[in-house]
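To start, the structure under review is shown below, and the notes come after it.
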Amino acid sequence: MTEPVPPAPAAIRAVVEWYAAMGVDAVISEEPNDRFAAPVRKPDPAARSAAAPAPPPAVAAGTPEEAERQAAAVARTAPTLEALRDALAAFEGCNLRLTATNLVFADGTPGSRVMLVGEAPGRDEDIQGLPFVGRSGQLLDRMLAAIGLDRTSVYIANVVPWRPPGNRTPTPQETASCRPFIRRQIELSNPDFLVCLGGAATHELFETSEGILRLRGKWRTYDTGTRTIRAMAMLHPAYLLRQPLHKRLAWRDLMALKAALDGSA
Ligand code: URA
């Protein structure tokens, strides 16, 4: 019998490069897991009689439903933003925490009149543990400065507080397990104006799937759980970096926010 030949270094390099290009840039366990070798369990059609009603879906520990339920229970009972942060840090229902370097909870001043919510931290945010500190954050700073605001006069958070590996979009499951936390964070910070940055945050918080270019710039209401506040979607700074011509739309939206803050709209 011939001995198996180890793969050539160039072949290994090619596989790793391919993973990196696909956004797989982190390992989550020491040992490789060969999912092709795992036994596939086929459902046994004889196990349930045709007449028997289907059992209700079980909410077993570790399922997405259970993670969401736990998140809701934990978030609801957090009395302060500090307690909410601690609860999130201890929450094990979202696997993004396994690959992230830091929990990215918030920046700015809780209780500010304006709260901005983005999608999820990127690489720089993950390293520093603060939202919007990379290139798009620098643009956000300039956008705020244009209407006389800065990081200390607003409160900033994300729908998902851990960086998805390779900056991929968070899965619906990941977003769902973080949902109760961002909703409670908004409730506890209690802003007068909520700004959703980009389509992902807007879809999540306004519960709509309409395109961001149609949603942006329009005032609507958001129910924090204790009161109704004004809320607006704006284009995400990362999008504006790619589509600088759309900065004029963002400018209009910033003017609308300023007018609302000044009490003239
Ligand atoms: N994009 C986001 O949506 N959030 C951040 O914190 C950084 C970039």
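Indexing begins at 1, ligand by ligand and atom by atom, following the structure's order.
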Check your understanding: Under 6.0 Å from the CZ atom of Arg214, do we count more than 12 heavy atoms belonging to anything else shown?
Key ->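 Counting other residues, nucleotides and ligands, CZ of Arg214 stays at 12 neighbours or fewer.
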
Review point. With a 4.0 Å heavy-atom cut-off (strictly under), which part of Pro131 contacts ligand 1: side chain, backbone, both or neither?
Key: both

Practice item. For ligand 1, note which part of Ala200 has a heavy atom under 4.0 Å away: side chain, backbone, both or neither. Key: neither

Exercise for review: Would you indicate whether the side-chain heavy atoms of Phe132 and Gln138 approach each other to under 4.5 Å?
Suggested key: no

For [X] and [Y], does a side-chain donor sit closer than 3.5 Å to a side-chain acceptor?
X	Y	answer
Tyr222	Arg227	no
Asp262	Ser264	no
Asp223	Thr228	no

Revision key, fill the gap. among protein heavy atoms, the one nearest atom 8 (C) of ligand 1 is Ser136 OG, 3.7 Å

I'd like to check which ligand 1 atoms, numbered from 1 as shown, lie under 4.0 Å from a non-hydrogen atom of [X].
X	answer
Glu119	2 (C), 3 (O)
Gly118	3 (O)
His236	1 (N), 2 (C), 3 (O)
Asn158	2 (C), 3 (O), 4 (N), 5 (C), 6 (O)

Check your understanding: Under 3.5 Å, N or O to N or O, is Glu125 touching ligand 1 that way?
Key ->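 Between Glu125 and ligand 1 (N or O atoms, distance only) the closest approach is not under 3.5 Å.
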
Review point. Counting both backbone and side chain atoms, is some N or O of Ala120 under 3.5 Å from an N or O of ligand 1?
Key: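 N/O-N/O distance below 3.5 Å exists for this pair.
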
Check your understanding: Can you get from Val114 to Leu144 by hopping between Ile, Leu, Val, Met, Phe, Trp and Tyr side chains that sit under 4.5 Å apart?
Key -> yes

Exercise for review: Taking only Lys NZ, Arg NE, NH1 and NH2, and the carboxylate oxygens of Asp or Glu, determine whether Glu125 and Arg163 approach each other closer than 4.0 Å.
Suggested key: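 No.
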
